[in-house]
Protein chains: 2
Amino acid sequence: MAAEMPTPPGHRPRKAAPARQPLSRDLIVATAVRVLDAEGLEAVSMRRVAQELGTGPASLYAHVSGKEELRELMLDHVAGEVRLPEAGAADWQELLKELAREIRRVYTSHGDIAKVSMGLIPTGPNLLAIAEAQLALMLDGGVPPKIAGLAVDTLGMFLDADAVEDTIYTAKRSPGEDPWESFRVHFEEIRQYFRALPVDRYPRITGMVDELTGGSGDDRFEFGLDILIRGIASYVPASGTA
Amino acid sequence: MAAEMPTPPGHRPRKAAPARQPLSRDLIVATAVRVLDAEGLEAVSMRRVAQELGTGPASLYAHVSGKEELRELMLDHVAGEVRLPEAGAADWQELLKELAREIRRVYTSHGDIAKVSMGLIPTGPNLLAIAEAQLALMLDGGVPPKIAGLAVDTLGMFLDADAVEDTIYTAKRSPGEDPWESFRVHFEEIRQYFRALPVDRYPRITGMVDELTGGSGDDRFEFGLDILIRGIASYVPASGTA
DNA sequence: ACCTGAACACCGTTCAAGT
DNA sequence: ACCTGAACACCGTTCAAGT
């Protein structure tokens with residue numbers, strides 16, 4: 001309409017509060033994690049994060065190469081919450097288990113984030129620090145380097161899979177429902193379904209519904225963790241006295 | 001435009017070849033798996049599958065409740081390719097390993113399908129048949145029922161995580177490239193990155209780049225599988241003679 | 001009962017234009 | 001250098017209408 005005018009002296013144009021804080025990688029990642037915590041990984045879209053920051057989706061591309069990179073940055077951001085063990089504080093096997101439990105705690109407290117980790121070579125500083133700590137514990141415990149290398153991978157796979165498994169129990173809640181109650185109902189449905197299966201085709205499954213559905217997530221985690229750590233420890237060469 | 005007319009006798013309306021075959025659940029699922037094999041799980045959208053069938057996305061909803069159900073049906077469809085072991089053909093531990101390798105073979109031959117399995121309670125007939133076979137091997141081998149129940153879960157987690165991990169190595173190919181060569185290049189980049197990390201912060205990682213990146217996917221799989229099966233076997237009570 | 005077109009409310013990413 | 005609006009080429013799902 002009107003031709004362009006110079007801004008009058010003393011007037012700063014500041015058109016209707018653009019973004020409260022200037023955009024930055026960190027701010028974008030922190031905002032994305034907030035959305036993740038509140039509504040899960042599915043809800044974290046470029047558009048949603050931009051909206052939360054009071055801007056449009058195109059603005060994010062100046063700080064982040066795309067959605068994939070944003071997801072990886074979110075994962076590493078969250079990995080920064082993991083408290084690493086002080087070496088020598090206890091038996092290496094117990095410390096490695098403690099670290100695994102700590103990772104589980106952090107992952108499961110951030111929705112679906114473990115899905116991002118699944119099949120990703122860790123490159124962020126915090127993820128690398130965790131791998132470094134795991135390697136330190138194993139190498140100091142006498143695990144051969146090659147085994148320790150494989151074990152970091154296998155342990156990571158286990159932790160990712162467990163965290164993803166965990167979220168299906170907690171995340172199936174529709175918002176506004178009692179999450180415990182809807183979980184119990186959903187679980188009871190599964191048990192009924194298993195019991196209703198044809199016995200001749202699935203004799204073991206129908207015969208052990210309680211064993212198959214009884215174990216809590218913690219039981220499953222501790223069972224797998226124990227097996228893994230014992231397996232790793234079995235590669236430690238017998239010490240001097242043998 | 002023109003008012004409605006009755007169809008003249010002898011004239012079948014058959015307007016321009018609607019769908020070559022009549023729509024059905026099976027046809028939809030088989031088509032979806034074809035898209036999965038050719039272009040990966042991401043490419044399997046309701047619209048894409050409908051297009052492949054010469055119809056619109058809304059037509060699928062008469063046979064399938066939505067995308068989530070379609071994905072689960074795809075997984076079970078694929079699980080039908082797994083050849084189950086004949087009990088008694090060999091040592092239960094070796095048979096269980098063979099079954100795991102067979103599942104791995106089938107999963108990795110169907111793109112990203114393992115992502116669907118991740119954190120899903122198996123309910124389809126083929127998935128249940130696999131669980132039944134695993135339980136049969138373990139129970140016949142003397143594994144206590146409660147342990148066998150946990151082990152089915154843990155084994156499933158391992159297989160899912162491994163298959164997802166595998167696809168990142170094979171699926172990062174841009175179409176039209178030599179997949180082997182682009183894989184080698186990508187992998188060499190990772191090694192360079194690890195070597196370039198600050199040695200004081202990551203002494204173990206930088207000191208064992210070869211051990212961390214050397215192992216092939218098969219090494220990792222066999223390592224994890226061996227540990228798991230040995231761990232499960234350790235719960236078999238000592239037999240009579242002890 | 002099955003199928004359809006059109007619409008609704010979303011996506012990720014690009015790009016020319018602005019400051 | 002950073003930010004933006006608008007556009008492009010997609011999504012899943014619903015619903016009234018058709019046969």
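Each chain gets a letter, A, B and so on, in the order its sequence line appears, and its residues count up from 1. Below, each value reflects all heavy atoms present in this structure, side chains not excepted, and no hydrogens, waters or symmetry copies. It should be emphasised that the depicted structure is a prediction, and the values quoted were computed from it without experimental measurement.
Ion pairing between a basic and an acidic side chain is recognised when a charged N comes within 4.0 Å of a carboxylate O; A:E69 and A:R25 show such pairing. Ion pairing of B:R71 with B:D112 is absent here, as no side-chain N (NZ or NE/NH1/NH2) approaches a carboxylate O to less than 4.0 Å. Of the charged side-chain nitrogens involved, none lies within less than 4.0 Å of a carboxylate oxygen, so that A:E81 and A:R105 do not count as a salt-bridged pair. Salt bridge A:E188/A:R195: present, at least one basic N to carboxylate O contact under 4.0 Å.
C:dA9 sits 23 Å from D:dA9 when the P atoms are compared, rounded to a whole Å. Using C1' as the reference atom, D:dA17 and C:dC2 are 13 Å apart when rounded to the nearest Å.
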| note | Per-nt protein contacts along nucleotides 7-13 of chain D (heavy atom under 4.0 Å; B base, S backbone sugar-phosphate only, - none) come out as B---BBB
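Considering only side-chain N and O atoms, B:H63 lies nowhere under 4.0 angstrom from the phosphate OP1 or OP2 of C:dA1. Residue B:T55 places none of its side-chain N or O atoms closer than 4.0 Å to OP1 or OP2 of C:dC3.
One atom, CD1 of B:I28, and another, P of C:dC2, lie 11 Å apart when rounded to the nearest Å. As rounded to whole Å, 16 Å separates atom C1' of D:dT4 from atom CD of A:Q51.
Residues A:V164 and B:D160 fail the side-chain proximity criterion, which asks for heavy atoms closer than 4.5 Å.
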| note | Parsed dot-bracket for DNA chain C after applying the Watson-Crick and G-U rules with both distances under 3.5 Å and | for other-strand partners is ||.|||||...|||||.||
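Remark: side-chain polar atoms of B:E52 are not paired, donor with acceptor, to backbone N or O of B:A32 under 3.5 angstrom.
Evaluation of the side-chain hydrogen bond (donor to acceptor under 3.5 Å, both in side chains) test over residues 121-130 of chain B, restricted to residues two or more places apart or in two chains, returns B:D76-B:N126.
Of the options A:V29, A:D26, A:I113, a side-chain contact (heavy atoms from CB on, under 4.5 Å) to A:H77 is made by A:V29 and by none of the others.
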